[in-house]
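Below is one structure, written out as structure tokens; the observations come after it.
Note that the structure is predicted; figures quoted are calculated from it, not measured. Scope of the values below: all heavy atoms of this structure, side chains included, with no hydrogens, waters or symmetry mates.
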Amino acid sequence: MAVCFDKIQLRKLAKERGLSVCETLRRSGVSRNAYYNLLRKRSLLPKSVELLSETLGVDSEELVMSDTSQETRMARKMLFVQKLVEEDPRIDSGTALTTLKLLEMTSLERLEQSIRYGTAAACF
Amino acid sequence: MVQQPLVSEGLLKILHTLVKAKVPFMIVGNSAAVMQGAPVATIDIDLWFGDGGLEKAKRALAPLNVSVVSGFGHSIIPPQFCGPDTELLDIVCTAQGLGCFEEELEHCRWIRLGKIKVPVLALQRVVASKKAANREKDQAVIAQLESALSVLQRKGLT
């Protein structure tokens with residue numbers, strides 16, 4: 001299942017801020033076409049999501065439908081890292097993404113895996 | 001073929017015995033970083049002991065047939081664990097760039113490893129110690145540790 005844009009959440013957040021969906025699009029600089037693409041297409045346009053979330057003052061993950069599929073979880077991680085790196089370009093995005101994946105394991109699983117890799121690398 | 005875990009039940013029992021006996025110790029180095037989510041490789045688990053900690057550890061681990069062998073005279077080699085399931089354990093005598101053991105223990109993180117939580121040097125302190133040590137192998141991982149630390153801080157996990 002692909003990542004879907006949550007138009008209901010967008011409408012809710014916009015209303016909370018006294019905005020219509022049209023006004024939110026206008027202020028974000030997101031064209032109607034880009035918005036309809038968000039609704040129609042099965043993959044998100046990250047830039048549009050970012051622009052909309054900035055206008056509404058929320059994390060871009062809040063505009064992604066809550067869905068526990070692998071693809072959605074990965075998309076959330078990628079958005080999280082993208083934001084982190086934009087704020088601090090010194091951060092290595094690969095490392096940050098791998099850290100998020102590792103945090104889903106227990107510390108024992110992480111330690112086991114790390115020692116396995118470390119020992120294998122030391123042998124070569 | 002099923003792989004035997006490298007972090008064996010016997011090794012976990014050693015760590016849990018130290019915790020139960022209230023031996024002043026904590027896990028430091030790359031293994032500490034890994035336990036907090038940093039994507040680095042390690043080949044051992046470094047244990048830093050507070051004053052009197054190693055003597056207390058010897059007494060606590062004796063029933064497990066684990067002993068500690070010290071160097072001779074002014075040996076540059078730190079004491080070594082000896083006995084079953086100790087292969088991955090290393091003893092750290094000094095930790096550069098850190099405060100005294102008691103200060104660091106106060107701010108350490110208690111992280112579950114198996115059935116019991118063990119004391120682990122906080123990731124930002126691991127970074128500080130590696131910057132102070134400034135060995136070639138430390139320089140290689142500092143950037144990765146700092147990136148991982150940023151993730152943890154943003155997620156409110158440290």
Side-chain angles (χ1 to χ4, degrees), chain A residues 46 49-50 53-54 56-64 66 68 70 72-124, chain B residues 3-9 11-13 15-16 27 29-46 85 87-90 109-120 123 127 137 140-158:
Chain A
V49 172
E50 283 296 319
S53 60
E54 263 174 43
L56 296 168
V58 298
D59 282 337
S60 38
E61 293 95 284
E62 284 200 52
L63 290 175
V64 176
S66 54
T68 54
Q70 276 188 334
T72 303
R73 291 206 312 269
M74 181 56 72
R76 283 179 188 270
K77 290 188 188 79
M78 290 164 72
L79 281 169
F80 180 94
V81 169
Q82 186 176 313
K83 205 164 212 183
L84 210 59
V85 172
E86 279 166 10
E87 289 172 12
D88 186 354
R90 291 171 304 173
I91 292 171
D92 178 70
S93 58
T95 302
L97 196 53
T98 306
T99 301
L100 285 174
K101 292 176 197 171
L102 289 173
L103 286 173
E104 291 183 346
M105 299 164 75
T106 65
S107 60
L108 183 56
E109 286 166 343
R110 287 196 286 270
L111 194 55
E112 175 74 28
Q113 181 174 276
S114 172
I115 292 175
R116 236 173 245 292
Y117 287 154
T119 316
C123 291
F124 296 99
Chain B
Q3 274 182 326
Q4 292 301 317
L6 293 173
V7 184
S8 62
E9 285 298 324
L11 191 157
L12 290 178
K13 190 161 185 183
L15 294 174
H16 296 168
I27 296 176
N30 276 2
S31 43
V34 164
M35 286 175 69
Q36 293 168 81
V40 292
T42 187
I43 57 172
D44 52 28
I45 300 171
D46 292 324
D85 300 298
E87 298 80 9
L88 293 179
L89 295 175
D90 253 2
R109 296 191 56 207
W110 284 82
I111 296 177
R112 182 166 298 280
L113 205 58
K115 294 178 186 151
I116 292 189
K117 289 188 178 180
V118 295
V120 178
L123 186 56
V127 172
K137 64 175 184 172
V141 298
I142 284 170
Q144 286 175 286
L145 294 182
E146 287 181 320
S147 292
L149 184 57
S150 298
V151 171
L152 295 184
Q153 286 168 337
R154 174 58 72 89
K155 284 200 151 287
L157 294 174
T158 190

Q. Taking all atoms of both residues into account, what is the closest heavy-atom pair of A:L108 and B:G114, and its distance?
A. CD2-N, 4.1 Å

Q: Quickly, which of B:I43, B:V34, B:I45, B:D44 forms a side-chain contact (heavy atoms from CB on, under 4.5 Å) with A:I115? Name it, please.
A: B:I45

Q. Does the A:S114 side chain pair with the main chain of B:T42, one donor and one acceptor, at a distance under 3.5 Å?
A. yes

Q: Quick one: closest heavy-atom pair of B:M35 and A:R110, and the distance?
A: O-NH2, 2.6 Å

**Q.** Part of B:L12 lying under 4.5 Å from any heavy atom of chain A
**A.** side chain

(Q) Rounded at 0.5 Å granularity, tell me how far CD1 in A:I91 sits from CG in B:L149. (A) 9.5 Å

Q | Distance-minimising heavy-atom pair for A:S107 and B:I111 | A | OG-CG2, 3.4 Å

**Q.** Listed partners of A:K77 passing salt bridge (Lys or Arg N to Asp or Glu O under 4.0 Å), at least two apart
**A.** A:E104

Q.
Tell me whether A:T95 contacts the main-chain N or O of B:Q144 through its side chain, where contact means a donor paired with an acceptor under 3.5 Å.
A. no

Q.
Can you give me the closest heavy-atom contact between A:L102 and B:G37, atom names plus distance?
A. CD1-O, 3.6 Å

Q.
Looking at every non-hydrogen atom in both residues, tell me the closest pair between A:E112 and B:V7 and how far apart they are.
A. OE1-N, 2.8 Å

Q: Answer with side chain, backbone, both or neither: which region of B:V40 has an atom nearer than 4.5 Å to a non-hydrogen atom of chain A?
A: backbone

Q: Decide side-chain contact (heavy atoms from CB on, under 4.5 Å) for B:R112 and A:T106; before the verdict, give the C-alpha distance in whole Å, the side-chain angles of both, and the deciding distance to 0.1 Å.
A: CA-CA 8 Å; B:R112 182 166 298 280; A:T106 65; over 6 Å; no

Identify all side-chain donor-acceptor contacts of residues 150-157 of chain B below 3.5 Å with residues at least two apart in sequence or on another chain.
unit_1: B:S150; atom_1: OG; unit_2: B:E146; atom_2: O; d: 3.1
unit_1: B:R154; atom_1: NH2; unit_2: A:E87; atom_2: OE1; d: 2.1
unit_1: B:R154; atom_1: NH2; unit_2: A:E87; atom_2: OE2; d: 3.1

Q) Can you say whether B:A148 sits under 4.5 Å from chain A via the side chain, the backbone, both, or neither, judging by heavy atoms? A) both

